[in-house]
Amino acid sequence: MPLPMASPRADLVWLSDKVREFGIHVVANRGAGKSRFLGRYLAFSDFLREVPTIVFDNRHTIDNFLDKVSRLPEEQRKALWPRIRYIHLAGLGGYVVPLPLYYTLAPDEDPLTTADRFVEVILKTEPGFSRASIQGKTAIENIAQPMGVELIQRGWQLTELDRLTVKIPPTLKVKLNPLIHSETQRAIYGAAEPGIDWQEVIDKKQIVLIDYRQMRKPQFALVWILDYLLSFIEARGPDQSPISIIVDELKAFKAAQVAGDDIFFEFLDVLVNTTMRGHNLWLTLAHQSMMQFDERVGEVLMSMDTQIIGKAGSMRSAVAIAQELVKIDPYKIKRYRPTFGQESYFESMLDRLPAREYFVLHQEPVEFTPGDQIREEAYRFQKLPTFTFLLFVKDSEPKQFSIANLEPGIFPDQTVVPAIRQKLMQRDGRKIEDVLAEIAARTAAPVQAKETKEPSTAKKLPVSTKGTLP
Ligand SMILES: Nc1ncnc2c1ncn2[C@@H]1O[C@H](COP(=O)(O)OP(=O)(O)O)[C@@H](O)[C@H]1O
Ligand SMILES: [Mg+2]
């Protein structure tokens, strides 16, 4: 593999492949330079090294990456564009990258498996559902699974919900309707095929920039595309070539996983401790403050082998990080305290009363307490200048590095970058009207509505996410 060329500075940072397998946690206050580091350096390095890379971000990491590429000499740029994919989760300028709710990962996939992915995600992302009693949950599964199976067997998507004969209770409909509410939504979730094929991303060594800027409620879309990616990774099997996954603003995913911290903790715990390690994911998770998450989530994040710490936003966050990272030195000396010896002497022979003379007998060290040491380090985190980070890699000495001299004064061009994003959406996405026409064509032929038939009996029909009625 070619060496990374992203950094003109040899002293910047070098993270070995071995270390990447155990994850990077980046925490720094807003404005500290996280996105600049992730976009111009980390994502860019992975991309140049031809490691398939998936970036989740709501603006600055993506813009820094695209800006960086746009400033390369034309010859290089030309070679790189085909390897850059861009997906705006809300669509852009009349184009969408479809993410149908029913898609297959194997040609012979059981429709129930296909249907279940969507059911699992709505249960995770809809507050009303996850808090529902076990009974309520089962009830939802009992409806949403056969509903999905029937749609799949007919070659339909959720967009054809109203054509089904299965009765959907209003409580469930209220949750499903927003997904197919607008034309954009219908095109994204109702298309026959996903607009991104992860195997192709791997084969062509692409970078996929997943953007959710300016979305009022990116929750479902984010969790859905991540679920698509992780389902693919699971199906691909363990111990494969590395895939880099870079998440800027991890908080967005927590917001997505309902209010409940438990669900987010479980999600992250599985991602970091099972999926990442078993599937050779180079996972990078960035966010602003430890106070954004509960303690258990904090523990998972701090357990990642590489920690990149930038200017802390609050003392509490800084202390929480320091508590995990500072190696307490029980012998670290703060000062010496003299202990005194004394000796009796007689001022004169006339005065028989003894006086005392004191002298320093010994300098006794006073050690810093663990609390002192943690606080000292926490202050250091708070005082880090913009663009300066501390790098803690497991089993090696901490290092400080700065990205201040990495293309100083160069920031994402506000004319060029938006134009690139639009062009990429046009190149790889689909026109909303085309997808809608395709959806309309699916049901254009008059359909003999099935008599209220138990969907389970229809299970043996051929499976397809495309095509017309069986
Ligand atoms: N166009 C610009 N001109 C000058 N400074 C900028 C520009 N864009 C970003 N910056 C500065 O770059 C710094 C790093 O930004 P960024 O990497 O987005 O931080 P983070 O992701 O940690 O919030 C910020 O302090 C910001 O003020
Ligand atoms: Mg940022």
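All values derive from a computational prediction rather than experimental measurement. Counting starts at 1 for both ligands and their atoms, in listed order.
Checking each of Lys254, Gln292, Lys34, Lys251 against His287 for a side chain to side chain donor-acceptor pair (under 3.5 Å) leaves exactly one that passes, namely Gln292.
Here the two rings, on Trp198 and Tyr228, have centers that are under 6.0 Å apart. Under the 6.0 Å cut-off for aromatic ring centres, Phe253 and Phe264 do not qualify, their centroids lying 6.0 Å or more apart.
The closest approach between a heavy atom of Gly33 and any atom of ligand 1 is below 4.0 Å.
Although no hydrogens or angles enter the test, the distance criterion places no donor-acceptor pair under 3.5 Å between the side chain of Thr306 and the main chain of Val393.
At a 3.5 angstrom cut-off on N or O pairs, Thr386 does not count as close to ligand 1. Considering backbone and side-chain atoms alike, Phe37 places every N or O at 3.5 Å or more from each N or O of ligand 1. Checked by distance only, ligand 1 and Phe387 stay at 3.5 Å or farther apart across all their nitrogen or oxygen atoms. Considering backbone and side-chain atoms together, Arg36 places an N or O closer than 3.5 Å to an N or O of ligand 1. The shortest N or O to N or O distance between Ser35 and ligand 1 is under 3.5 Å.
Within the coordination shell of the Mg ion (ligand 2), defined by N, O or S atoms under 2.8 Å, Thr61 is absent.
The closest protein non-hydrogen atom to atom 6 (C) of ligand 1 is Phe411 CE2, 3.2 Å.
You'll find the side chain of Leu80 reaches within 4.5 Å of the side chain of Arg83, heavy atoms only. The shortest side-chain heavy-atom distance between Tyr189 and Leu158 does not fall under the 4.5 Å cut-off.
Between Asp227 and Arg117 there is no salt bridge, since none of the side-chain N atoms of the basic residue sits less than 4.0 Å from a carboxylate O of the acidic one. Salt bridge Glu367/Lys334: absent, no basic N to carboxylate O contact under 4.0 Å.
Considering Gly409, Gly31, Ala28 only, the shortest heavy-atom separation from atom 25 (O) of ligand 1 involves Gly31.
Contact annotation for Asn29 and ligand 1: only backbone heavy atoms (N, CA, C, O) come within less than 4.0 Å of the ligand.
At a cut-off of 3.5 Å, with distance as the only test, a side-chain donor of Asp116 or Gln145 sits close to an acceptor on the other residue.
Protein heavy atoms are found less than 4.0 angstrom from atom 3 (N) of ligand 1.
Using a 4.0 Å cut-off to heavy atoms of Ala32, the atoms of ligand 1 that qualify are 19 (O), 22 (O). Short contacts between ligand 1 and Arg30, defined as distances under 4.0 Å to a heavy atom of the residue, involve ligand atoms 23 (O).
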